[in-house]
Engineer: 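Below you will find the structure I want to go over with you.
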Amino acid sequence: MSYKQRIAERAARTVSTGMTINLGIGLPTLIPCYLDQEVQLLIHSENGVLGAGKAATQENAHPMQIDAGGGYITVNKGASFFDSATSFAIVRGGRLDIAFLGALEVSEKGDLANWIIPGKFAPGIGGGMELAQKARKLIVVTSHCTKKGQSKLIPECTLPVTAKKCVDMIITELAVFEIKNDELFLLEIARESSLDEITEKTAARFRIRGKEIPEF
Amino acid sequence: MSYKQRIAERAARTVSTGMTINLGIGLPTLIPCYLDQEVQLLIHSENGVLGAGKAATQENAHPMQIDAGGGYITVNKGASFFDSATSFAIVRGGRLDIAFLGALEVSEKGDLANWIIPGKFAPGIGGGMELAQKARKLIVVTSHCTKKGQSKLIPECTLPVTAKKCVDMIITELAVFEIKNDELFLLEIARESSLDEITEKTAARFRIRGKEIPEF
Amino acid sequence: MLPLNADNKMNKLTSYTEAISLIKSEQSIMVGGFGNPGTPMTLIEGLLKSGVRNLTIIKNEANEPGIGISRLVEKGIVRKLIISHLGLNSRVIEMMNNKQVEIEFHPQGILAEKIRSGGAGLLGIITDIGVDTIIADTRKVVDFYGQKAILEKSIRADVALIHAAAADTLGNLCYTKTAFNFNPLMAQAADLVIAETFEVLEPGGIDPDHVHTPCVFVDHVVHVENNPRLYGVLAHHVL
Amino acid sequence: MLPLNADNKMNKLTSYTEAISLIKSEQSIMVGGFGNPGTPMTLIEGLLKSGVRNLTIIKNEANEPGIGISRLVEKGIVRKLIISHLGLNSRVIEMMNNKQVEIEFHPQGILAEKIRSGGAGLLGIITDIGVDTIIADTRKVVDFYGQKAILEKSIRADVALIHAAAADTLGNLCYTKTAFNFNPLMAQAADLVIAETFEVLEPGGIDPDHVHTPCVFVDHVVHVENNPRLYGVLAHHVL
């Protein structure tokens, strides 16, 4: 299992029946592969669909039916299509139970930076700002550190933020954190990792509740 | 022919093929009866229909298909139904070639008052303010004088206005006026009337173009 | 009628009694409809009998005397109406004049946009409608890029009562004829959205291209009878 | 294909050549689509060959290199893009970095609302999206009922190029699947609206309940071929 699959598998367990969720481009799109078969949920994609199903194959891909990342999708019974105004009415109206997004940086108070590295990387804003600011629960799914080995969880974001105090949970290949009342808590440790490793690789200050930290 | 029919008959001649029009409640709804059969147009009703047809009868009235005044209507081929936001997007977006409205008062500069008599009559705003302010052409169809015999065309509105400088044309049972660059012009005189009668019954100042004033 | 299924969170089919019991006194309630079409007559009947009071009702108009929300106003359980006009309801106009009900008027399309804006998670809209009229006296007027403009605040409500032509059990709705009006807007703009419908379908029963209100906005679907007493043609409006 | 009828103002069926000839250099042009679905590929081809230049294009994204409006940008005939993101178009990102094209970014749903607001005859919208970010530095930030808010101005354009699944000759449009996206919004927000479609129907061919864009917004309907080269499945996006 790759580190991405590990994260997606854990993230899938945050989802339960009846929820409406949005999956950011990249890692988040792996989450549906790990969902319990019993879970009935609605997947929203910001290009204008509610009730997205599995990725389409060569055989059933329809040229007019994609997700926000451009991948061809199937839809489930009871799906609906709509325009971009309605699609973001769902987002800004607080109708998403969970949005999963990637991150460049997350601050210990839950600020998220994932849309711009000034002078280097500026593909635009897309739907991220609205998803970050308005989803009922925002779960960041990301590698624990950058490719250069630096902690993505830091005391304060150095990059321009996508939204402030928006992140509720962070799932990395090493740990699960939650942010409550502007404080970062370590909730779970990956069975391949340890508190020492997490402490070493996490620049943000975090707290621990109770004595035992569950594994995932 | 009643005075209302006289007005409606003249108003119908302002409409030509390809136009989209809105008919206010009351007198304006008589206009379609006098349209040339050759004229193809779209009738908009602000409760959410484009392509309204004739009034429905006992036989073909559908309980879910009315105009903004509550009357049951038929619809023509190519009609569409939509919500109230879209309906007023048509109005405010300037997509109505003509709106026909009644009036309590019209000033010589084209201010319209037709929604409130403070302390006496205040049924609300409805769609009138948006129709008056945003139709490409606003034609007031009204009796020339109030029931008490006072001119409805006056130098300045005494009642709270619906919109300022919005009226383009006024059709009464006695005359047709147009307002151009804040000036009122007498365009036509009813064959039953005379310039003397109009002068006597019109409190607003008006001008005449040329020597002959056509009859209608 | 499909079976109600309390175990399945994705099934929003709810009994009439249960749905009505969710509405409380003092709440703000959006009610769909423009004239009879699209007015959720059966849900309004339920409200009338439920004992709630001190309601704030948001609707296009107050229906006609003895019909729809006019009955709620006439019963004295409506504290305030946020509305576009009362043109067809002399009884409610009289109650307004007698200060038996508070009325807040808005231009019709602006009322629609304020509600839509609430449903779209916006704070409000910027418009020039009414800038030259007395309604500007009670609005937030600003200069917006050199133009006189009104900042209109979004409206949301505790509850929205919707009439849909058909619904599936997930809560997808579609409307018909002139019964769309305020329904699709209000269905997005309340914390609790209850839709009555004559026809309940299984998921997949509505073409995904023809869903007018996506199910995520709807909390409860109530199957009601097309009772001619409530939904029939009004003889006095036929030519 | 139905006959073109110049004498009948109610028939909006227009030849491809004539429709393209109406678009001029220096104009602002809204282009529907999110990825390939809903992108009016044939009208864009026409624009590419027509000799127009110095365009301002308003679109969700710039398609992918070699596809859709990316070809207009690559050809150097686009002065400015008003857009939500360029995530799938490294070529246009490079041109942006080299200052070969000016880019104005907006949050996706706010771009949608600015366009919708233009189409709805509003002056703008009021939102809290981005208030705590650097985008607020270039926006009109105000206090709105005690809350930090951005006043966003409506966007309208000279031209809108729309892709519809079907149209009737009056100009009523309907969309399908994820090809709605910005099309219904842009179809209301331009002075000249040209819709391409694979299917042209007689009036009455679209159920009045299922019309997504009422004909009053549409000026020209162009019947185009469903050319697999332009509209086919992109192999690199299939799993």
Engineer: Is the count of non-hydrogen atoms from other residues, nucleotides or ligands lying under 6.0 Å from B:Arg209 atom CZ greater than 12?
Structural biologist: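 Correct, the count exceeds 12.
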Engineer: Could you look at C:Leu234 and say if it's the side chain, the backbone, both or neither that has a heavy atom under 4.5 Å from chain B?
Structural biologist: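 For C:Leu234, backbone and side chain are both near chain B.
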Engineer: Counting only heavy atoms closer than 4.5 Å, note whether C:Leu111 contacts chain B via side chain, backbone, both or neither.
Structural biologist: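 No part of it gets close to chain B.
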Engineer: Applying side-chain contact (heavy atoms from CB on, under 4.5 Å), run through B:Ser84 and C:Leu185 and close with a yes or a no.
Structural biologist: CA-CA 8 Å; B:Ser84 296; C:Leu185 312 172; 4.2 Å; yes
Engineer: Tell me which of these, C:Glu113, C:Met96, C:Glu61, has more heavy-atom pairs under 4.5 Å with chain B than the rest.
Structural biologist: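 Result: the option with the highest number of such pairs is C:Glu113.
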Engineer: With heavy-atom distances below 4.5 Å as the criterion, would you say the side chains of B:Glu130 and C:Ile110 are in contact?
Structural biologist: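 When only atoms from C-beta onward are counted, C:Ile110 and B:Glu130 do touch, with a gap below 4.5 Å.
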Engineer: For each of C:Gly38, C:Ser84, C:Ala165, C:Ala112, tally heavy-atom pairs with chain B at distances under 4.5 Å, and name the one with the top tally.
Structural biologist: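 Heavy-atom pair counts peak at C:Ser84.
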Engineer: Mark yes when over 12 heavy atoms from residues, nucleotides or ligands other than B:Arg136 sit less than 6.0 Å from its CZ; otherwise mark no.
Structural biologist: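 Counting neighbours around CZ of B:Arg136, more than 12 heavy atoms of other residues, nucleotides or ligands fall under 6.0 Å, so yes.
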Engineer: How long is the straight-line distance from OG1 of B:Thr162 back to CD1 of C:Ile135, given to the nearest 0.5 Å?
Structural biologist: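 It is 10.5 Å, given to the nearest 0.5 Å.
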Engineer: How long is the span from the CD atom in C:Gln108 to the CG atom in B:Asn47, to the nearest 0.5 Å?
Structural biologist: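 With rounding to 0.5 Å, CD (C:Gln108) is 8.0 Å from CG (B:Asn47).
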Engineer: Tell me which of these, C:His106, C:His236, C:Arg116, has more heavy-atom pairs under 4.5 Å with chain B than the rest.
Structural biologist: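 Winner by heavy-atom pair count: C:His106.
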Engineer: Is a side-chain N or O of B:Gln58 found less than 3.5 angstrom from the main chain of C:Ala235, in a donor-acceptor match?
Structural biologist: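 No, B:Gln58 side chain to C:Ala235 backbone: no donor-acceptor pair under 3.5 Å.
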Engineer: Heavy-atom pairs under 4.5 Å with chain C: which of B:Ser45, B:Ala79, B:Ala68 has the most?
Structural biologist: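 Looking at each option in turn, the highest pair count goes to B:Ala68.
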Engineer: Judged by atom type as modelled, is there a donor-acceptor pair below 3.5 Å linking the side chain of B:Gln65 to the main-chain atoms of C:Lys177?
Structural biologist: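 Checked: no pair found.
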Engineer: Find the distance between OG (B:Ser87) and CZ (C:Phe182) and round it off to the nearest 0.5 Å.
Structural biologist: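 Result: 9.0 Å between the selected atoms.
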Engineer: Restricting to non-hydrogen atoms, name the atom on B:Gly69 and the atom on C:Leu88 that form the minimum distance, rounded to 0.1 Å.
Structural biologist: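 Shortest heavy-atom contact: O-CD1, 3.7 Å.
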Engineer: With only heavy atoms counted, which part of C:Pro107 is less than 4.5 Å from chain B, the side chain, the backbone, both or neither?
Structural biologist: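 Both parts, backbone and side chain.
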Engineer: Considering only heavy atoms and a distance below 4.5 Å, find which of C:Asn181, C:Val238, C:Thr133 pairs most often with chain B.
Structural biologist: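 Result: the option with the highest number of such pairs is C:Asn181.
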Engineer: Which answer fits C:Asn183, side chain, backbone, both or neither, if we ask what part of it has an atom under 4.5 Å from a heavy atom of chain B?
Structural biologist: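 No part of C:Asn183 comes within 4.5 Å of chain B.
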Engineer: Please indicate whether B:Lys4 has more than 12 foreign heavy atoms, meaning atoms of other residues, nucleotides or ligands, lying under 6.0 Å from its NZ.
Structural biologist: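 Count not over threshold, so no.
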Engineer: Measuring from C:Phe105:CZ to B:Ile116:CD1, what's the distance to the nearest 0.5 Å?
Structural biologist: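 So the CZ of C:Phe105 and the CD1 of B:Ile116 are separated by 8.0 Å.
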Engineer: Shortest non-hydrogen contact from C:Val233 to B:Ala61?
Structural biologist: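 Minimum heavy-atom contact is CG2-O, 3.8 Å.
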Engineer: Hey, is the main chain of B:Met64 close enough, under 3.5 Å, to the side chain of C:Thr178 for a donor-acceptor pair?
Structural biologist: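 Indeed, once roles are kept as given, a pair shorter than 3.5 Å links the two residues.
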Engineer: Heavy-atom count check: over 12 atoms from other residues, nucleotides or ligands less than 6.0 Å from C:Glu94 CD?
Structural biologist: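 Open: at most 12 neighbouring heavy atoms sit under 6.0 Å from CD of C:Glu94.
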Engineer: Report which part of C:His163 has an atom under 4.5 Å of a heavy atom belonging to chain B: side chain, backbone, both, or neither.
Structural biologist: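 When you check distances to chain B, only side chain atoms of C:His163 fall under 4.5 Å.
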Engineer: How far does CD1 of C:Ile134 sit from CH2 of B:Trp115, to the nearest 0.5 angstrom?
Structural biologist: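 Output value for this atom pair is 4.0 Å.
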Engineer: Under 4.5 Å from any heavy atom of chain B, what part of C:Ile129 do you find: side chain, backbone, both or neither?
Structural biologist: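 Both parts, heavy atoms under 4.5 Å.
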Engineer: How close do C:Gly232 and B:Pro63 get, counting heavy atoms only, and between which atoms?
Structural biologist: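 In terms of heavy atoms, the two residues are closest at C-CB, 4.0 Å.
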Engineer: To check you understand the geometry: which heavy-atom pair defines the closest contact between C:Phe180 and B:Phe82, and what is its length?
Structural biologist: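 Where C:Phe180 meets B:Phe82 most closely, the heavy atoms are CB-O, 3.6 Å.
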